[in-house]
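Structure, as structure tokens:
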Protein chains: 2
Amino acid sequence: MSTVMEPRLSKGEATRERILEIAEAAVLSKGFGATSIEEVIAEAGLTKSGFFYHFKDKNALAREMLRRYVATNDQLFDEIFARGRALSDDPLQAFLISLKLLAETMADLPSGHPGCLIASICYQERLFDREVRELTAQSVRDWNARFRTILDGIAAIYPPREPVDLDDVADMLSCIVDGAIIMSKTLNDPKKLERQIMLFRSCIKLMFAP
Amino acid sequence: MSTVMEPRLSKGEATRERILEIAEAAVLSKGFGATSIEEVIAEAGLTKSGFFYHFKDKNALAREMLRRYVATNDQLFDEIFARGRALSDDPLQAFLISLKLLAETMADLPSGHPGCLIASICYQERLFDREVRELTAQSVRDWNARFRTILDGIAAIYPPREPVDLDDVADMLSCIVDGAIIMSKTLNDPKKLERQIMLFRSCIKLMFAP
DNA sequence: TCCATAACTGTACTCATGGTACGGTTTCTC
DNA sequence: GAGAAACCGTACCATGAGTACAGTTATGGA
């Protein structure tokens, strides 16, 4: 899809990356509390001492995992919404294009979306310190604000038919995605996610299209 | 709201109920893997022997928790959609009323929705046996089918404006609710849930209302 | 009122795992 | 080649799941 310029990683940074990737997959499939450091280091091929050299404790691992996750997602959104704007000057059309791109991106994931780390953390809040919880909340607020900005641009040109609160509509996208990921995973049907995004797209059309 | 006829519980059943309630709250706030039997029995005021008298192991606890959760939710939906039908003969109006009732029910929860057990389990799938996973999948399928039936009744009278797949629309409700619960918990803002349900209601109006 | 059984308690284990502490060793990197 | 970065090994403690089993108390029906 997109070739990202990876800055050359030192050996330590590469190991950290490897640990974070393995840990994320484990956390998304069994939860943070049930993810043992032992299994992570076994898969990463290093010892417990090696692990604790990189991460002070499990909470430090969680923080870095989350930072990584948020950064990756931010980048994805930047890309998708920039492409939408590049393909149409009309804000509504641009958004509809971006949503289609988002749906396609999700559909292209080989074995379905692996899960949303923020959702996972939300269902295990008591395990994390305030910093982690604040980070999740802030990233959600940022995403909502981003969508809200887009919707403002649309509503300025196309007044909504039904009286809807644009903040709620902005929130809706995250809700749909998170909810659809859960349904996809629960029913073992990866297609649910892209279908729900496309349905949200239809709702946007119904709300704003003349 | 509604007075449910509780069949008189024997002492053992009452203890089981108490354990399940405490365990559910713990699981929803810290995850299944991180919920220790010790803390559950401490809060329930009984010993480890007492616990294992009621539940063979932790997975048996999970199964019963889930059964309880699904039954409670089924009952809630039965009630809400029956009331909707009672208040209007028009299937669309009945559904809109039911959605409003659902939103109000969610708004009335004292400290926000405690969380969806199915979502929690979905993010810890590897911890559970096939029976538990099959139970979650089946309950989601049942709920989707229930909504689909309602939508069929609506679409028979009010053909949808935009070409939408009714299965997707049916799925959307669960997605919205699950997603909004996550956002409510993450942002510590209980109102998100009811607002999203009301927004879904607006979308239904936009899709079907003449 | 009695008795069988349900509903527990108490004690005493095993085993796996998270996490800590710390000294030593290898491997980069400049 | 030196110094720092990136580890390894070992030993240790606390906690939690789960087992075993004998004993005790409460309950509810005949």
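Note on naming: letters A, B, ... go to the chains in the order of the sequence lines (proteins, then strands), and numbering restarts at 1 for each one.
Atom CZ in Arg16(B) sits roughly 13 Å away from atom P in dA6(C) (whole-Å rounding). Atoms CZ (Phe51(A)) and P (dA5(D)) sit 20 Å apart, rounded to a whole Å. As rounded to whole Å, 11 Å separates atom P of dC7(D) from atom CZ of Phe55(A). Per the geometry, CD belonging to Glu17(B) stands 17 Å off C1' belonging to dA7(C), to the nearest Å. Atoms CD (Glu39(B)) and P (dA14(D)) sit 20 Å apart, rounded to a whole Å. In this structure, CD1 of Ile41(B) is placed 9 Å from P of dA17(D), rounded to the nearest angstrom. Following rounding to the nearest Å, Phe52(B) (CZ) and dA7(C) (P) show an atom-to-atom distance of 18 Å. Across the protein-nucleic acid pair, Leu46(B) atom CG and dT9(C) atom P stand 5 Å apart, rounded to whole Å.
For Tyr53(A), taking side-chain heavy atoms from C-beta onward, the closest of the listed nucleotides dC8(D), dC8(C), dA6(D) is dA6(D). The side chain of Lys48(A) lies closest to dT20(C), out of dC7(D), dT20(C), dT9(C).
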Side-chain donor-acceptor pairs of residues 175-183 of chain B under 3.5 Å, sequence neighbours excluded:
none

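Salt-bridge check for Glu17(A) with Arg68(A): passed, with a basic side-chain N closer than 4.0 Å to an acidic carboxylate O. Of the charged side-chain nitrogens involved, at least one lies within less than 4.0 Å of a carboxylate oxygen, so that Arg67(A) and Glu64(A) count as a salt-bridged pair. Salt bridge present: Arg141(A) and Glu134(A) bring a charged side-chain N and a carboxylate O closer than 4.0 Å. A salt bridge does not link Asp142(B) with Arg146(B): every distance from a Lys NZ or Arg NE/NH1/NH2 to an Asp or Glu carboxylate oxygen is 4.0 Å or more.
Taking 3.5 Å as the limit, the base of dG19(C) and the side chain of Lys58(A) contain no donor-acceptor pair of atoms between them.
The side chain to side chain donor-acceptor pair (under 3.5 Å) pairs that include a residue from residues 184-200 of chain B are Asp165(A)-Arg195(B), Asp168(A)-Arg195(B), Asp171(A)-Lys192(B), where partners are two or more places apart or lie in different chains.
OP1 or OP2 of dC7(D) has at least one side-chain nitrogen or oxygen of His54(A) nearer than 4.0 Å.
A donor-acceptor contact shorter than 3.5 Å is absent between the side chain of Gln124(A) and the backbone of Gly31(A).
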Could you pull out the protein-nucleic contacts involving nucleotides 22-25 of chain C (nitrogen or oxygen on both sides, under 3.5 Å)?
none

